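Input: a single structure, listed below in structure tokens.
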Amino acid sequence: MPRAGLSTAAVIERAAQLLDEHGSESLNLAAVATSFGVKIPSLYKHVDGVQGLRRGIMLAAKAELTAAMEQAAVGRSRDDAIRGIAVAYREWALRHPGQYPLTVRAPMPDDADDEAVSAASVAVIFAVLAGYSLRDDDAVDATRFLRSALHGFVSLETGGAFELPVDRERSFSALVGSVVTALAAWGSGPESVTTSEPWLPAGWQHPTHVSLPTGHHLRPIRASDTELDMDAVMGSRERLWSIYGEAWGWPPATMTAEQDRADLQRHADEMQTHESFNFALFDENETELIGCVYIDPSDDETADADVSWWVRDEYVGTELEAALDTFVPAWIERDWPLTNPRFDQF
């Protein structure tokens, strides 16, 4: 009779945990049996030896990684979806360094379960690539390109290869940015590389510190603001979702700090190239991130920019929110080379 508490799922989960904690040397029946306080024969009631154990871990790991990527892509498209998938992929691999190598293998021949879970993973990527008008053989090529870039970085990182004194987050953000640029150039659809004129004059410098009459200030957001930003965004998530959710798929209920950090780094990068702008609102000593102001090129032919802003829930209806509502339009008119900005005031 099977020992109470033992099941196929429990055995596989424990083996996966040992694999992450102790590496491939721990993937044996003796280590798993010892962790449960049973003899090896007790495990054969639940798994078909070491090969069965490895297969079970592999199927569960592929399914879990796929779910993480799928969740990261929800409500996003094209560049944002690729960035979300990339962050989720890396996060999962770093949490599961032992299981990760099992996820990169092609499905085993005649293994229907492996084929199904592997196909689900590819389907997530194919769905995002369709936004770049990449389909059929082009989608396969682009999927291999994307996986090669992410796998190369993650494998080197988990293998201890990155020891130079340069921030890994910066390097990963640069990698993902290059992937996004390549995919946009690769696609042949109407949403591929644009040929429109720059929306801001060449040589114009954006503000780096803007004081409000209240003693607060605006400045470009940075990846290092993640902790303060997470507190502000997730503390006001439901209202922010009601404002931006339909258009941006943001902020997702499951957003992690790493996903937010990648998002803030993207904003910082886009400000440097003047693609779009995200200014954070801080108190004098920057102990609290109170809200944000977004300035983006408009998709409305009658406007040259879309400007919106928000404050966290506890500041709604306060004098500070009123001051910001008055300040932003005046600031845009005074300091920005825009002729017909569209203001979305929330």
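From a predicted model like this one, the values you see are computed outputs, not experimental measurements.
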Response to the item:
Taken in chain and number order and not counting sequence neighbours, the residues that satisfy side-chain hydrogen bond (donor to acceptor under 3.5 Å, both in side chains) with Arg55 are Asp111, Asp113

Worksheet entry | CG (Asn340) with more than 12 external heavy atoms under 6.0 Å | yes

Worksheet item: Going through the checks in order, is the side chain to side chain contact (heavy atoms under 4.5 Å, CB included) test met by Glu157 and Leu94?
Response: CA-CA 8 Å; Glu157 185 174 23; Leu94 292 176; 3.8 Å; yes

Worksheet entry | Side-chain (Glu286) to main-chain (Phe282) donor-acceptor, under 3.5 angstrom | no

Item to complete: State, to 0.1 Å, how close Trp248 and Asp296 come at their nearest heavy-atom pair, and which atoms those are.
Response: CZ2-OD2, 4.2 Å

Worksheet item: Under 4.5 Å between any side-chain heavy atoms of Arg147 and Ile125, yes or no?
Response: yes

Practice prompt. For the residue pair Asp269 and Ser173, confirm or rule out a side-chain donor-acceptor distance under 3.5 Å.
Written response: yes

Item to complete: Establish, from distance only, whether the side-chain atoms of Tyr244 and Ser308 form a donor-acceptor pair under 3.5 Å.
Response: yes

Worksheet entry | Tyr294 and Phe277 aromatic centres sub-6.0 Å | no

Item to complete: Check whether any side-chain heavy atom of Ser77 sits under 4.5 Å from a side-chain heavy atom of Val128, and report yes or no.
Response: no

Worksheet item: Within a reach of under 6.0 Å around CZ of Arg170, are more than 12 heavy atoms found that belong to other residues, nucleotides or ligands?
Response: no

Worksheet item: If only atom types and distance count, is the side chain of Ser236 paired as donor or acceptor with the main-chain N or O of Arg239 below 3.5 Å?
Response: no

Discussion item. I'd like to know whether CZ of Arg334 has more than 12 heavy-atom contacts from other residues, nucleotides or ligands below 6.0 angstrom.
Written reply: yes

Discussion item. I'd like to know whether Arg312 forms a salt bridge (charged side-chain N to carboxylate O under 4.0 Å, His left out) with Asp231, so could you lay out the CA-CA distance, the side-chain angles of the two residues, the decisive distance to 0.1 Å, and finally the verdict.
Written reply: CA-CA 9 Å; Arg312 49 198 300 164; Asp231 184 60; 2.7 Å; yes

Discussion item. Between Asp304 and Leu338 (side chain of the first, backbone of the second, donor and acceptor by atom type, cut-off under 3.5 Å), is there such a pair?
Written reply: no

Discussion item. Taking the side chain as everything from C-beta on, heavy atoms only, tell me whether Met58 gets closer than 4.5 Å to Asp114.
Written reply: yes

Item to complete: Report the C-alpha separation of Leu289 and Leu281 in whole Å, then their side-chain angles, then the decisive distance to 0.1 Å, and conclude whether the side chain to side chain contact (heavy atoms under 4.5 Å, CB included) test is met.
Response: CA-CA 6 Å; Leu289 191 154; Leu281 175 64; over 6 Å; no

Worksheet item: Do Trp309 and Phe279 have ring centres separated by under 6.0 Å?
Response: no

Worksheet item: Distance from Ser133 atom OG to Arg78 atom CZ, nearest 0.5 Å?
Response: 7.5 Å

Discussion item. Assess whether a salt bridge exists between Arg342 and Asp299, defined as any Lys/Arg side-chain N lying under 4.0 Å from an Asp/Glu carboxylate O.
Written reply: yes

Worksheet entry | Side-chain heavy-atom pair Met255, Met230 within 4.5 angstrom cut-off | yes

Worksheet item: Is Arg135 positioned over the aromatic face of Phe126, cation under 6.0 angstrom from the ring centre and no more than 45 degrees off axis?
Response: no

Discussion item. For residues Val307 and Trp204: do they belong to one hydrophobic cluster (side chain heavy atoms under 4.5 Å, members Ile, Leu, Val, Met, Phe, Trp, Tyr)?
Written reply: yes

Fill in: Atom pair CD (Glu319) and CG (Leu324), whose distance is rounded to the nearest 0.5 Å
13.5 Å

Response to the item:
Here the pair of heavy atoms bringing Thr158 nearest to Ser155 is OG1-O, 3.3 Å

Fill in: Flag for Lys62-Ser118: side-chain donor and acceptor within less than 3.5 Å
yes

Worksheet entry | Asp260 and Thr226 side chains, donor-acceptor separation under 3.5 Å | no

Discussion item. Is any side-chain heavy atom of Thr256 closer than 4.5 Å to one of Glu91?
Written reply: yes

Worksheet item: From Asp225 CG over to Leu264 CG, what is the distance, rounded to the nearest 0.5 angstrom?
Response: 6.5 Å

Item to complete: Classify the ring geometry between Phe327 and Trp331 as parallel (under 30°), tilted (30 to 60°) or perpendicular (over 60°).
Response: parallel

Worksheet entry | Aromatic ring proximity Trp199/His274, centre distance under 6.0 Å | no

Worksheet item: With a 4.5 Å heavy-atom cut-off, do Phe145 and Leu183 have their side chains touching?
Response: yes

Discussion item. Checking the side chain of Tyr132 only, and the main-chain atoms of Asp79 only, is there a donor and an acceptor separated by less than 3.5 Å?
Written reply: yes

Worksheet item: Is there a side chain to side chain contact (heavy atoms under 4.5 Å, CB included) between Trp310 and Val233 once you walk through the steps?
Response: CA-CA 10 Å; Trp310 58 269; Val233 170; 4.0 Å; yes

Worksheet item: Does a sphere of radius 6.0 Å around CZ in Arg14 hold more than 12 heavy atoms from other residues, nucleotides or ligands, not counting ones at 6.0 Å or beyond?
Response: yes

Worksheet item: Among Arg222, Arg266, Arg90, whose salt bridge (charged side-chain N to carboxylate O under 4.0 Å, His left out) with Glu169 holds?
Response: Arg90

Practice prompt. Please report the shortest heavy-atom distance between Ala72 and Gln259, naming the atom on each side.
Written response: CB-NE2, 4.0 Å

Worksheet item: Is there any side-chain hydrogen bond (donor to acceptor under 3.5 Å, both in side chains) pair reaching into residues 275-284, and which pairs are they, with sequence neighbours excluded?
Response: Glu270-Ser276, Thr273-Glu275, Asp283-Thr287

Worksheet entry | Within the 6.0 Å centroid threshold, strictly below: Trp250 and Trp241 | no

Worksheet item: Just by modelled atom types, is the Thr302 backbone N or O under 3.5 Å from a matching donor or acceptor in the Asp300 side chain?
Response: yes

Practice prompt. Please test Gln265 against Ile221 for side chain to side chain contact (heavy atoms under 4.5 Å, CB included), starting from the C-alpha separation and ending with a verdict.
Written response: CA-CA 8 Å; Gln265 184 62 56; Ile221 205 161; over 6 Å; no

Worksheet, complete the sentence: Rounded to the nearest 0.5 Å, the CD1 atom of Ile85 sits from the CE atom of Met69 at a distance of 6.5 Å

Worksheet entry | Over 12 non-hydrogen atoms of neighbours within 6.0 angstrom of CZ in Arg168 | yes

Worksheet item: Is there a donor-acceptor pair under 3.5 Å between the side chain of Arg83 and the backbone N or O of Asp263?
Response: no

Could you tabulate the donor-acceptor pairs under 3.5 Å formed by side-chain atoms of residues 209-216, not counting sequence neighbours?
{"residue": "Thr214", "atom": "OG1", "partner": "His216", "partner atom": "N", "Å": "3.4"}
{"residue": "Thr214", "atom": "OG1", "partner": "His216", "partner atom": "ND1", "Å": "2.7"}

Worksheet entry | Donor-acceptor under 3.5 Å (Thr318 side chain, Glu314 main chain) | no

Worksheet entry | Test item: Leu19 and Leu102 side chains (from C-beta on) under 4.5 Å apart, heavy atoms | yes

Discussion item. With rounding to the nearest 0.5 angstrom, report the CZ to CG distance, Phe343 to Asp306.
Written reply: 10.5 Å

Discussion item. Between Gln99 (side chain only) and His96 (backbone N and O only), is there a donor and an acceptor less than 3.5 Å apart?
Written reply: no

Worksheet item: Between Glu13 and Gln17, do the side chains contain an N or O donor and an N or O acceptor separated by less than 3.5 Å?
Response: no

Fill in: Within the 6.0 Å centroid threshold, strictly below: Tyr89 and Tyr100
yes

